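Just below is one structure, and these are the notes that go with it.
Since the structure is predicted, the reported quantities are computational estimates derived from the model, not experimental observations. Only heavy atoms go into these numbers, but all of them, side chains included; no hydrogens, no water, no symmetry mates.
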Amino acid sequence: MSRGVPLLLAALLGLGAAANGMFMLISPANWYFAVPGVTNTGPFNQHFVRDIGLIFLLVAMAMLTGIARPAARLSLWSAAALWLSGHALFHFWEVAVGICGTGALAQDFPAVTLPAILTTALALWAWRDTGRERCRPNSAEDARAAQG
C-alpha cells in the first residue's frame, strides 16, 4: 500500500479528533446536546467534557505529529490507538452491563468504534513500515557496507 493512503487517513483522524476536542473545550454544553446519544449517558458535567476534550486534542497531536515525524509514528499512533480502543471497549462494557441499550453500539460506531479500529490499523501499518525501514539501506554507502 502506498504511504499516501495511511498518512491521509491519519490526517483525517487527527483533524477530526482536533475538531471534536476543540468543540468539547470551547463549548462543552453545546457539544453535550449536539452529539447524538450523549445525553443518555448521564447528566451534563462541564469539567468531565473538557477533560475528555483535552484527551481528544492529545490524540489529534499524536496522529498529526506521527505524519510529520516517521521515527515517532509507531509510538504516537499506538498510544492514540490504545486510548481510542479503551474508550470503544468502555462503550461495549456499558451495553454489556445494561447501562445502555444495544442500539448505542450502532449509534456510537462512526465516532467511537470506527476511529479506534482505523487508528489501530494505522498503528499496525506503522509497525510493519518501521520494520521495513530498518531492513532498507539508507544510502549507497550503507548498501556497500552491508555487502562487504
Side-chain angles (χ1 to χ4, degrees), residues 1-138 142 146:
M1 172 187 329
S2 162
R3 286 189 175 169
V5 173
L7 297 178
L8 176 62
L9 182 56
L12 293 172
L13 288 164
L15 292 172
N20 187 50
M22 290 302 295
F23 188 13
M24 294 173 89
L25 286 171
I26 293 168
S27 188
N30 286 330
W31 178 90
Y32 177 81
F33 290 108
V35 178
V38 172
T39 57
N40 299 331
T41 63
F44 172 68
N45 181 325
Q46 177 175 283
H47 179 95
F48 182 72
V49 172
R50 283 192 167 131
D51 280 348
I52 302 303
L54 288 170
I55 294 170
F56 273 102
L57 286 180
L58 290 172
V59 166
M61 288 174 26
M63 298 308 294
L64 298 173
T65 302
I67 295 167
R69 297 183 175 260
R73 185 175 293 153
L74 176 59
S75 59
L76 290 170
W77 289 1
S78 294
L82 282 171
W83 188 84
L84 290 170
S85 296
H87 179 225
L89 288 172
F90 180 68
H91 281 244
F92 277 88
W93 175 83
E94 287 183 321
V95 170
V97 299
I99 294 171
C100 297
T102 56
L105 294 177
Q107 187 174 39
D108 293 347
F109 185 81
V112 177
T113 307
L114 185 59
I117 292 168
L118 294 175
T119 305
T120 299
L122 285 172
L124 290 170
W125 175 84
W127 175 64
R128 194 172 117 199
D129 192 57
T130 300
R132 281 191 194 143
E133 284 300 314
R134 288 183 187 151
C135 295
R136 290 184 193 158
N138 292 330
D142 289 344

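Arg3 contributes atom CZ, which lies 15.5 Å from atom CG of Leu8 (distance to the nearest 0.5 angstrom). The distance from the OG1 atom of Thr119 to the CG atom of Leu13 is 4.5 Å, given to the nearest 0.5 Å. Separation of atoms CG (Leu122) and CG (Leu9) is listed at 4.5 Å; rounding is to 0.5 Å.
When side chains are defined from C-beta on, Phe48 does not count as touching Pro28, because their heavy atoms never get closer than 4.5 Å. The shortest side-chain heavy-atom distance between Asn20 and Trp31 falls under the 4.5 Å cut-off. Side-chain contact between Arg69 and Leu76 is absent, with no heavy-atom pair separated by less than 4.5 Å.
For Ala104 against Val95, the heavy-atom pair with the smallest separation is CB-CG2, 4.4 Å. Here the shortest heavy-atom pairing between Met63 and Gly14 reads CB-CA, 3.8 Å. Of all heavy-atom pairs between Leu7 and Ile67, the closest is O-CD1, 3.6 Å. The two atoms that bring Leu74 and Ser78 nearest to each other are O-OG, 2.7 Å, heavy atoms only. Nearest heavy atom pair, residue Arg50 against residue Met24, reads CG-O, 3.7 Å. Nearest heavy atoms, Arg73 versus Ala126: CG-CB, 3.9 Å.
Checked against the 6.0 Å centroid threshold, Phe56 and Trp83 count as a close aromatic pair.
Using a distance-only test at 3.5 Å, with no hydrogens or angles considered, no donor-acceptor pair links the side chain of Ser27 to the main chain of Phe23.
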Query - side chain to side chain contact (heavy atoms under 4.5 Å, CB included) evaluation trace for Trp93 with Leu89 - result: CA-CA 6 Å; Trp93 175 83; Leu89 288 172; over 6 Å; no

Query - Derivation of the side chain to side chain contact (heavy atoms under 4.5 Å, CB included) call for Tyr32 and Asn45 - result: CA-CA 9 Å; Tyr32 177 81; Asn45 181 325; over 6 Å; no

**Report entry** Candidate pair Leu124 and Trp77, rule side chain to side chain contact (heavy atoms under 4.5 Å, CB included), full reasoning
**Finding:** CA-CA 9 Å; Leu124 290 170; Trp77 289 1; over 6 Å; no

Report task. Dump the intermediate steps for side chain to side chain contact (heavy atoms under 4.5 Å, CB included) on Ile55 and His87, then the final yes or no. Result -> CA-CA 11 Å; Ile55 294 170; His87 179 225; over 6 Å; no

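Just one of Thr113, Thr41, Asp108 meets the side-chain hydrogen bond (donor to acceptor under 3.5 Å, both in side chains) condition when paired with His91; it is Asp108.
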